[in-house]
*Asks:* 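Input: one structure, supplied below.
Atoms within each ligand, like the ligands themselves, are counted from 1 in listed order.
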Amino acid sequence: MSLYSALARPVIFRFDPEQAHHASIRLCHDLAWAAPALAPFFSFRDRSLETEVCGLRFANPVGLAAGYDKSGEAVRMLAAFGFGHLEIGSVSAEASDGNPKPRLWRLPQDRATIVHYGLPNDGAQVVAERLKRVKLPVPLGINLVKTNHGIEAPASTDDEIIADYVRSARLLKDTGQYLSLNLSCPNTETGRDFFADKEPIVRCLQALSEVGIQCPVFLKVSPLGGIAAIERVLEAADGFDLVSGFIFNLAPVKPDTLSTPPPVWKNLPGAVSGPPCEPLMNACIKELYRRMDRDRYRIIGAGGVGSAEQAYEKIKLGASLVQLLTAMVYEGPGIVKRINRELARLLRADGFESVGEAVGCGNSA
Ligand SMILES: Cc1cc2nc3c(=O)[nH]c(=O)nc-3n(C[C@H](O)[C@H](O)[C@H](O)COP(=O)(O)O)c2cc1C
């Protein structure tokens with residue numbers, strides 16, 4: 001049992017999940033000065049973990065998923081936790097308060113959370129200003145989403161939705177090393193999924209093609225809709241050189257893999273993160289890898305990664321990088337080093353000299 005699980009988690013879990021989340025971001029922000037001194041304790045380096053994806057160099061394939069540091073307030077400390085990359089956001093063109101509270105719940109029996117934040121963030125202008133002079137030792141991804149104006153606001157028109165992405169992309173395109181477009185939950189006002197069809201994705205990518213984005217762009221898409229949805233996203237992306245790859249987002253439904261009794265969660269809105277979402281995410285990675293142009297696209301695999309075996313599974317299915325969030329809530333930041341150390345051992349045991357060689361090795365179509 002780690003020090004975090006034994007001592008910190010019991011205290012942290014006495015607090016409301018969102019309060020604990022905010023407090024951890026504040027702490028990371030306030031202790032940023034200590035990051036260089038702490039980094040050696042959290043880092044694990046091994047040649048086999050180094051990888052190049054979309055022209056970017058990563059010291060290891062394990063990144064922090066979007067949603068933990070929504071407005072880029074804690075990146076200096078988070079970069080010291082041994083991650084190979086950080087993804088911040090989702091950031092929208094305008095600041096947003098997100099959904100009404102409560103909007104985050106823990107499901108300890110499943111080591112999961114239910115998330116219904118509704119994309120609160122400080123807005124693209126503030127985030128761009130905040131990160132202007134920040135130099136990090138790892139690649140930074142910035143996840144963009146359409147502004148959530150709240151339940152009371154009139155539904156946005158299609159043009160307004162696209163214009164929102166364009167505005168935030170203009171403001172943040174040169175801030176990080178890659179962008180990811182959260183195309184899977186931008187319409188919290190009406191529940192309408194704007195990007196469920198191919199045409200809106202095409203229109204959005206058309207508009208973004210004129211913004212002058214130089215960095216790789218990943219599309220973070222819904223894991224629902226099966227093979228037809230995956231093929232639709234690929235068809236939409238195919239005409240746009242700016243798209244470099246894909247990530248699957250959480251599904252806004254409760255998976256049937258939950259062991260927490262239904263009375264606990266059946267009236268809670270939102271998506272389930274952590275191990276219960278892993279089977280669907282892995283199935284999506286597998287099908288996408290089989291269908292995508294592998295010379296052109298890369299997959300970042302997220303959803304339920306909490307061990308080296310789970311990270312390796314996603315890599316073998318076709319993910320070039322993986323991300324986690326919920327496992328850090330349950331296991332603390334030391335989880336990143338533990339995963340990387342064990343992943344290096346697993347790669348060696350299978351005869352791989354580098355993680356890149358293992359990508360897709362367990363996914364023969
Ligand atoms: C508290 C929380 C907030 C999240 N917020 C966002 C977000 O703002 N944008 C986004 O694209 N994904 C968001 N996600 C999804 C994560 O980026 C990730 O895809 C998902 O949680 C699966 O990884 P995990 O099982 O390791 O948590 C959030 C997840 C959690 C748990």
*Asks:* Considering Gly67, Pro17, Gly301 one by one, which has a heavy atom nearer to atom 4 (C) of ligand 1 than any of the others?
*Replies:* Gly67

*Asks:* Report, in ascending order of atom number, the atoms of ligand 1 lying under 4.0 Å from any heavy atom of Gly303.
*Replies:* 22 (C), 23 (O), 25 (O)

*Asks:* Applying ring-ring contact (aromatic ring centres under 6.0 Å, His included) to His21 and Phe15, what does each step give before you reach the verdict?
*Replies:* CA-CA 9 Å; His21 183 185; Phe15 291 88; over 10 Å; no

*Asks:* Any nitrogen or oxygen of Ala66, side chain or backbone, less than 3.5 Å from one on ligand 1?
*Replies:* yes

*Asks:* Please verify whether a non-hydrogen atom of Ala327 lies at under 4.0 Å from ligand 1.
*Replies:* no

*Asks:* Just let me know how Val329 lines up against ligand 1, side chain, backbone, both or neither, with a heavy-atom cut-off below 4.0 Å.
*Replies:* neither

*Asks:* Rounded at 0.5 Å granularity, tell me how far CG in Leu144 sits from CG in Leu119.
*Replies:* 11.5 Å

*Asks:* Going from OH on Tyr330 to CZ on Phe13, what distance comes out if it is rounded to the nearest 0.5 angstrom?
*Replies:* 5.0 Å

*Asks:* Taking the minimum heavy-atom distance to atom 26 (O) of ligand 1, which of Asn121, Leu325, Val322 ranks first?
*Replies:* Leu325

*Asks:* Nearest 0.5 angstrom please: Glu52 CD to Arg298 CZ, how far?
*Replies:* 9.5 Å

*Asks:* Run the ring pair (Phe, Tyr, Trp, His ring centres under 6.0 Å) test against Phe352 and tell me which residues pass, sequence neighbours left out.
*Replies:* none

*Asks:* Does atom CZ of Arg296 have more than 12 heavy-atom neighbours, drawn from other residues, nucleotides or ligands, at distances under 6.0 Å?
*Replies:* yes

*Asks:* List ligand 1 atoms under 4.0 Å from Leu324, heavy atoms only on the residue side.
*Replies:* 26 (O)

*Asks:* Under 6.0 Å between ring centres: does that hold for Phe246 and Phe218?
*Replies:* no

*Asks:* Which bit of Leu104 gets closer than 4.0 Å to ligand 1, counting heavy atoms only: side chain, backbone, both or neither?
*Replies:* side chain

*Asks:* Is Tyr68 touching ligand 1 with its side chain, its backbone, both, or neither, if touching means heavy atoms under 4.0 Å apart?
*Replies:* neither

*Asks:* Please could you name the atoms of ligand 1 that Leu119 approaches to less than 4.0 Å, counting only its heavy atoms?
*Replies:* 8 (O)

*Asks:* Would you mind running through ligand 1 and noting each atom that sits below 4.0 Å from a heavy atom of Asn249?
*Replies:* 11 (O), 12 (N), 15 (C)

*Asks:* Has ligand 1 got any nitrogen or oxygen that is less than 3.5 angstrom from a nitrogen or oxygen of Gly274?
*Replies:* yes

*Asks:* Within ligand 1, which atoms have a heavy atom of Val115 less than 4.0 Å away?
*Replies:* 1 (C), 2 (C), 3 (C), 30 (C), 31 (C)

*Asks:* Quick test of your reading of the model: are Arg203 and Glu199 salt-bridged, counting only N-O distances below 4.0 Å?
*Replies:* no

*Asks:* Salt bridge (charged side-chain N to carboxylate O under 4.0 Å, His left out) with Glu313: which residues, sequence neighbours excluded?
*Replies:* none

*Asks:* Using a 4.0 Å heavy-atom cut-off, say whether Glu278 meets ligand 1 through its side chain, its backbone, both or neither.
*Replies:* neither

*Asks:* In terms of atom number and element, which parts of ligand 1 are under 4.0 angstrom from non-hydrogen atoms of Thr326?
*Replies:* 24 (P), 25 (O), 26 (O), 27 (O), 31 (C)

*Asks:* So between Ser273, Pro276, Gly304, whose heavy atom ends up nearest atom 25 (O) of ligand 1?
*Replies:* Gly304

*Asks:* Tell me if the CD atom of Gln125 is crowded by more than 12 foreign heavy atoms within 6.0 Å.
*Replies:* no

*Asks:* How does Ile247 reach ligand 1, by side chain, by backbone, by both or by neither, if only non-hydrogen atoms under 4.0 Å count?
*Replies:* neither

*Asks:* Quick one: which ligand 1 atoms are inside 4.0 Å of a heavy atom on Gly89?
*Replies:* 8 (O)

*Asks:* Atom CG of Leu234 and atom CG of Leu219: how far apart are they, to the nearest 0.5 Å?
*Replies:* 9.5 Å

*Asks:* Surrounding CG of Asp97 (heavy atoms of other residues, nucleotides or ligands, distance under 6.0 Å), is the total greater than 12?
*Replies:* no

*Asks:* Purely on distance, is any nitrogen or oxygen of Asn143 under 3.5 Å from one on ligand 1?
*Replies:* yes

*Asks:* Under 4.0 Å from a heavy atom of Ala65: which atoms of ligand 1 are those, numbered in the order shown and with their elements?
*Replies:* 16 (C), 17 (O), 18 (C)

*Asks:* Identify which of Met281, Gln323, Lys220 has a heavy atom lying nearest to atom 19 (O) of ligand 1.
*Replies:* Lys220

*Asks:* Under 3.5 Å between some N or O of ligand 1 and some N or O of Thr113?
*Replies:* no

*Asks:* Can Phe41 and Phe81 be said to form a ring-ring contact (aromatic ring centres under 6.0 Å, His included), step by step?
*Replies:* CA-CA 8 Å; Phe41 296 99; Phe81 286 162; over 10 Å; no

